[in-house]
Amino acid sequence: MSIDLSKFQATGRETCFHGRHIDAQIYAGLDGRNWRLRDYESRGGYQALRKILGTDGGPGMTPDEVVAEVKASGLRGRGGAGFPTGLKWSFMPKNYNGPKYLVCNSDEGEPGTCKDRDILAYNPHIVIEGMAIAAYAMGVSTAWNYIHGEIFEIYQRFEEALEEARAAGYLGERILGSGFSFQLHAFHGFGAYICGEETALLESLEGKKGQPRFKPPFPASFGVYGRPTTINNTETFAAVPWIIRNGGAPYLAIGKPNNGGTKIFSVVGDVNRPGNFEIPLGTPFSKLLELAGGVKGGALKAVIPGGSSAPVLPANIMMDCTMDYDAIAKAGSMLGSGAVIVMNDTRCMVRSLLRLSYFYQHESCGQCTPCREGTGWLWRMVDRIEHGHGRMEDIELLGSVADNIMGRTICALGDAAAMPVRGMIKHFRDEFVHHVEHKSCLVAQPVVAS
Ligand SMILES: Cc1cc2nc3c(=O)[nH]c(=O)nc-3n(C[C@H](O)[C@H](O)[C@H](O)COP(=O)(O)O)c2cc1C
Ligand code: SF4
């Protein structure tokens with residue numbers, strides 16, 4: 001099957017793959033067209049799988065050795081929470097009597113984030129190889145890649161890459177003549193943000209409504225069809241072949257302690273060159289901003305450093321930060337999915353919060369009261385303030401509603417809705433006060449009371 005990706009694929013010298021990356025591992029050598037198996041093999045693809053299976057003439061690696069290497073790399077999950085990947089893999093029960101499953105989370109619905117779809121479009125085999133290695137390490141023989149419903153062409157491309165891998169013997173029975181068998185399937189998801197939450201994803205994969213499950217039990221003991229399951233993000237799996245080929249210690253050394261390797265940041269908003277940038281964790285934010293062509297349309301005002309759920313940080317704090325999990329957490333936000341939303345000084349924070357709050361109340365699955373009701377309250381209160389009907393007590397009430405959602409819900413969507421509110425009021429309270437007192441905006445056009 002041939003797919004026309006030309007409408008969103010650069011073809012010239014100045015593409016989204018040139019001059020945008022530092023020490024790239026996942027995007028290394030890509031030009032937008034070289035995604036096929038033969039291209040991947042020419043970049044060293046599937047050597048890591050051969051290495052662990054011992055089909056490269058070497059001694060092979062035991063599953064425990066693979067897990068140990070991933071632990072040594074300091075790789076942390078790229079889906080949002082930054083949980084150590086090797087540790088997660090070690091939770092998979094070893095002597096379980098029955099099937100165990102592996103799932104790749106390619107739902108990628110966090111506003112601002114667009115890295116996983118580019119990995120799948122331009123380097124799909126790196127995900128297939130990473131998943132095969134993970135399956136070998138955890139004794140899994142069946143897996144799925146759950147791909148966001150609205151990126152159908154990328155789902156089709158991944159299917160095509162799977163066909164290539166099967167035909168070449170990298171997937172299926174007795175891979176490369178070894179004793180390891182592994183079946184990987186693509187799953188076309190349903191396009192809802194909540195389906196990216198790991199247990200909602202499992203429900204959706206089973207053909208049910210995508211609503212999160214109560215935890216515990218966690219997927220490691222009760223996942224797909226009630227069987228032990230490990231779920232990782234697309235970029236997490238894509239990082240694995242490099243680690244196995246080159247070793248965990250060199251991967252760790254590329255980043256900084258506790259923050260191994262490179263990370264792909266989707267830089268969006270008020271920048272001259274938006275897009276995906278793969279850089280070592282620990283790179284200064286100022287360098288990332290420079291790669292993205294600098295701020296467009298005004299001076300830097302604020303940045304949401306990790307997707308729309310992450311609290312906003314003002315420019316002065318951000319310019320002192322390095323881009324890694326620990327530094328961003330210390331500054332009061334989170335690295336999350338790695339979407340960096342840049343805002344210039346013409347952006348009104350009340351209006352920005354209104355847009356975010358609308359998104360979360362719309363995406364709440366409605367199972368638990370604090371999230372179902374609270375996200376709607378937040379949105380309506382911010383709407384009131386934005387449109388000149390706010391009361392001074394609404395500002396305190398916003399914080400109080402956010403506090404009462406946090407930690408009181410089945411899944412973290414509630415927290416994701418509450419955290420931006422707290423961040424905006426903490427750093428940009430004066431804009432909310434101005435809206436209430438003057439019924440107009442401190443930075444943008446006057447608000448007309450309606
Ligand atoms: C509302 C919500 C949406 C999420 N969406 C995604 C997503 O689109 N992709 C993703 O990898 N993780 C997403 N997550 C995180 C997953 O639940 C899970 O932690 C992640 O897939 C684990 O992979 P990792 O350890 O490799 O990061 C979401 C979490 C929540 C609460
Ligand atoms: S927190 Fe929100 S999205 Fe998550 S389960 Fe509860 S209602 Fe659904």
Side-chain angles (χ1 to χ4, degrees), residues 70 75-92 102-117 119-120 127 130-131 134 144-151 189-205 209-215 218-220 223 229-240 261 263-264 266 306-310 325 334-339 359-376 378 404-419:
V70 174
L75 174 65
R76 294 172 65 167
R78 306 303 197 214
F83 192 81
T85 305
L87 186 61
K88 184 185 267 193
W89 289 10
S90 69
F91 293 156
M92 193 71 138
L102 186 68
V103 177
C104 176
N105 189 341
S106 296
D107 191 62
E108 197 172 54
E110 181 80 1
T113 319
C114 50
K115 64 186 177 67
D116 295 339
R117 64 199 65 189
I119 300 174
L120 295 176
V127 179
M131 290 189 74
W144 293 269
N145 185 9
Y146 186 101
I147 301 173
H148 193 86
E150 287 155 2
I151 50 173
F190 290 91
Y193 174 62
I194 194 58
C195 288
E197 194 281 335
E198 57 187 12
T199 59
L201 187 154
L202 297 179
E203 290 287 295
S204 175
L205 191 62
K209 206 195 286 186
Q211 288 189 315
R213 298 175 180 170
F214 280 97
K215 289 183 270 188
F218 291 95
T229 302
T230 296
I231 306 173
N232 278 122
N233 170 257
T234 318
E235 187 186 350
T236 312
F237 285 121
V240 170
K263 168 92 190 81
I264 303 169
S266 306
S308 66
S309 325
Y325 295 94
M334 52 185 215
L335 203 69
S337 61
F359 173 78
Y360 286 106
Q361 64 85 33
H362 185 264
E363 297 299 323
S364 168
C365 85
Q367 273 193 109
C368 33
T369 310
C371 173
R372 184 186 61 242
E373 303 301 326
T375 53
L378 289 175
N404 279 295
I405 297 174
M406 289 283 291
R408 292 188 167 86
T409 54
I410 296 172
C411 87
L413 188 140
D415 294 1
M419 282 185 297

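For ligands, and for the atoms within them, numbers begin at 1 and follow the listed sequence. Please read these numbers as outputs of a predicted model, since none were measured by experiment. Positions are given from 1, in the same order as the sequence printed here.
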*Check: Thr113 and Glu108 side chains under 4.5 Å, non-hydrogen atoms*: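 Sidechains of Thr113 and Glu108: in contact.
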*Any idea which protein heavy atom is nearest atom 29 (C) of ligand 1, and the distance to it?*
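The answer is Glu197 CA, 3.8 Å.
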*atom 22 (C) of ligand 1 - nearest protein heavy atom and its distance*: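 In this structure, atom 22 (C) of ligand 1 has Lys88 NZ, 3.3 Å as its nearest protein heavy atom.
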_Suppose we measure from atom 8 (O) of ligand 1 to each protein heavy atom; which comes out shortest, and what is that distance?_
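Answer for atom 8 (O) of ligand 1: Glu108 N, 2.9 Å.
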*Tell me: protein heavy atom nearest atom 20 (C) of ligand 1, and distance?*
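Result for atom 20 (C) of ligand 1: Asn105 ND2, 4.2 Å.
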_Atom indices of ligand 1 within 4.0 angstrom of Ile231 heavy atoms, with elements_ =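 Selected atoms, number and element: 22 (C), 23 (O).
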*asked:* For distances below 2.8 Å, what is the count of protein N, O or S atoms around atom 8 (Fe) of ligand 2?
replied: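 Counting protein N, O and S atoms closer than 2.8 Å to atom 8 (Fe) of ligand 2 gives 1.
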_Which residue and atom name correspond to the protein heavy atom nearest atom 27 (O) of ligand 1, and how close is it?_
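The protein heavy atom lying closest is Gly79 N, 2.8 Å.
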*If you round to the nearest 0.5 Å, how far is NZ of Lys215 from SG of Cys411?*
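If we round to the nearest 0.5 Å, Cys411:SG and Lys215:NZ are 7.5 Å apart.
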*Look at atom 11 (O) of ligand 1 and say which protein heavy atom is nearest, naming residue and atom and giving the distance to 0.1 Å.*
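Nearest protein contact, heavy atoms only, for atom 11 (O) of ligand 1 is Asn233 ND2, 2.8 Å.
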*Applying side chain to side chain donor-acceptor pair (under 3.5 Å), run through Glu197 and Thr199 and close with a yes or a no.*
CA-CA 6 Å; Glu197 194 281 335; Thr199 59; 2.7 Å; yes
_Counting C-beta onward and ignoring hydrogens, is there a side-chain heavy-atom pair between Cys365 and Leu413 closer than 4.5 Å?_
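Side chain of Cys365 against side chain of Leu413, heavy atoms only: no contact under 4.5 Å found.
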*Per-atom contacts of ligand 1 with Asn232, taking only distances under 4.0 Å to non-hydrogen atoms*: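 Listed by number with element: 23 (O), 24 (P), 25 (O), 26 (O).
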_Check: Phe91 ring centroid to Phe218 ring centroid under 6.0 Å_ =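 No, ring centres 6.0 Å or more apart.
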_Is there a side-chain contact between Val127 and Asp116 in this structure, where contact means two heavy atoms from C-beta onward sitting under 4.5 Å apart?_
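Not touching, per the 4.5 Å side-chain cut-off.
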*asked:* Using a 4.0 Å cut-off to any heavy atom of Asp107, which atoms of ligand 1 qualify?
replied: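 Ligand 1 atoms under the 4.0 Å threshold to Asp107: 8 (O).
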*How far apart are the closest heavy atoms of Glu110 and Ser309, and which atoms are they?*
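Distance-wise, the nearest heavy atoms are OE2-OG, 2.5 Å.
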*Between Gly196 and ligand 1, does any nitrogen or oxygen pair lie at a separation below 3.5 Å?*
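Between Gly196 and ligand 1, an N or O pair is found under 3.5 Å apart.
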*Please check if atom NZ in Lys209 has more than 12 non-hydrogen atoms from other residues, nucleotides or ligands closer than 6.0 Å.*
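12 or below, so no.
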*asked:* Check whether Gln211 reaches the backbone of Gln367 with its side chain - one donor and one acceptor, N or O, closer than 3.5 Å.
replied: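 Side chain of Gln211 to backbone of Gln367: no pair is present.
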*asked:* Do Arg117 and Leu120 make a side-chain contact, defined as non-hydrogen atoms from C-beta onward lying under 4.5 Å apart?
replied: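 Side chain of Arg117 against side chain of Leu120, heavy atoms only: no contact under 4.5 Å found.
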*Examine Asp116 against ligand 1 and note whether any of their N/O atoms are separated by less than 3.5 Å.*
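Among all N and O atoms of Asp116, none is under 3.5 Å from an N or O of ligand 1.
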*Does Tyr193, backbone or side chain, put an N or O under 3.5 Å from an N or O of ligand 1?*
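Tyr193 vs ligand 1: no N/O contact under 3.5 Å.
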*Check whether any N or O atom of Phe83, backbone or side chain, sits under 3.5 Å from an N or O atom of ligand 1, and answer yes or no.*
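For ligand 1, there is no N or O atom that lies under 3.5 Å from one belonging to Phe83.
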*Ignoring hydrogens and geometry, is there a side-chain-to-backbone donor-acceptor pair from Ser337 to Gly80 under 3.5 Å?*
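No: the side chain of Ser337 does not pair with the backbone of Gly80.
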*asked:* Please list the nearest protein heavy atom to atom 18 (C) of ligand 1 with its residue and the distance rounded to 0.1 Å.
replied: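 Going atom by atom, the protein heavy atom closest to atom 18 (C) of ligand 1 ends up being Glu198 OE1, 3.6 Å.
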*No-hydrogen, no-angle side-chain donor-acceptor test under 3.5 Å, Ser106 and Asn145*: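 There is such a pair between these side chains.
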_As an exercise, identify every atom of ligand 1 less than 4.0 angstrom from a heavy atom of Arg78._
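By the 4.0 Å cutoff, the relevant atoms are 26 (O), 27 (O).
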*Determine, using heavy atoms of Gly109 and all atoms of ligand 1, whether some pair is separated by less than 4.0 Å.*
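Yes; Gly109 lies near enough to ligand 1 that a heavy-atom distance drops under 4.0 Å.
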*Mind checking whether Thr236 contacts ligand 1 via backbone (N, CA, C, O), side chain (CB onward), both or neither, at a 4.0 Å heavy-atom cut-off?*
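Only the side chain of Thr236 comes within reach of ligand 1.
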_Nearest-0.5 Å distance, CG of residue Asp107 to CZ of residue Phe190_ =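 Output value for this atom pair is 11.0 Å.
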*Do any nitrogen or oxygen atoms of Glu110 come within less than 3.5 Å of a nitrogen or oxygen of ligand 1?*
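Not met; the criterion fails.
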*Is the shortest heavy-atom distance from the side chain of Tyr325 to the side chain of Lys263 under 4.5 Å?*
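Yes, at least one pair of side-chain atoms sits under 4.5 Å.
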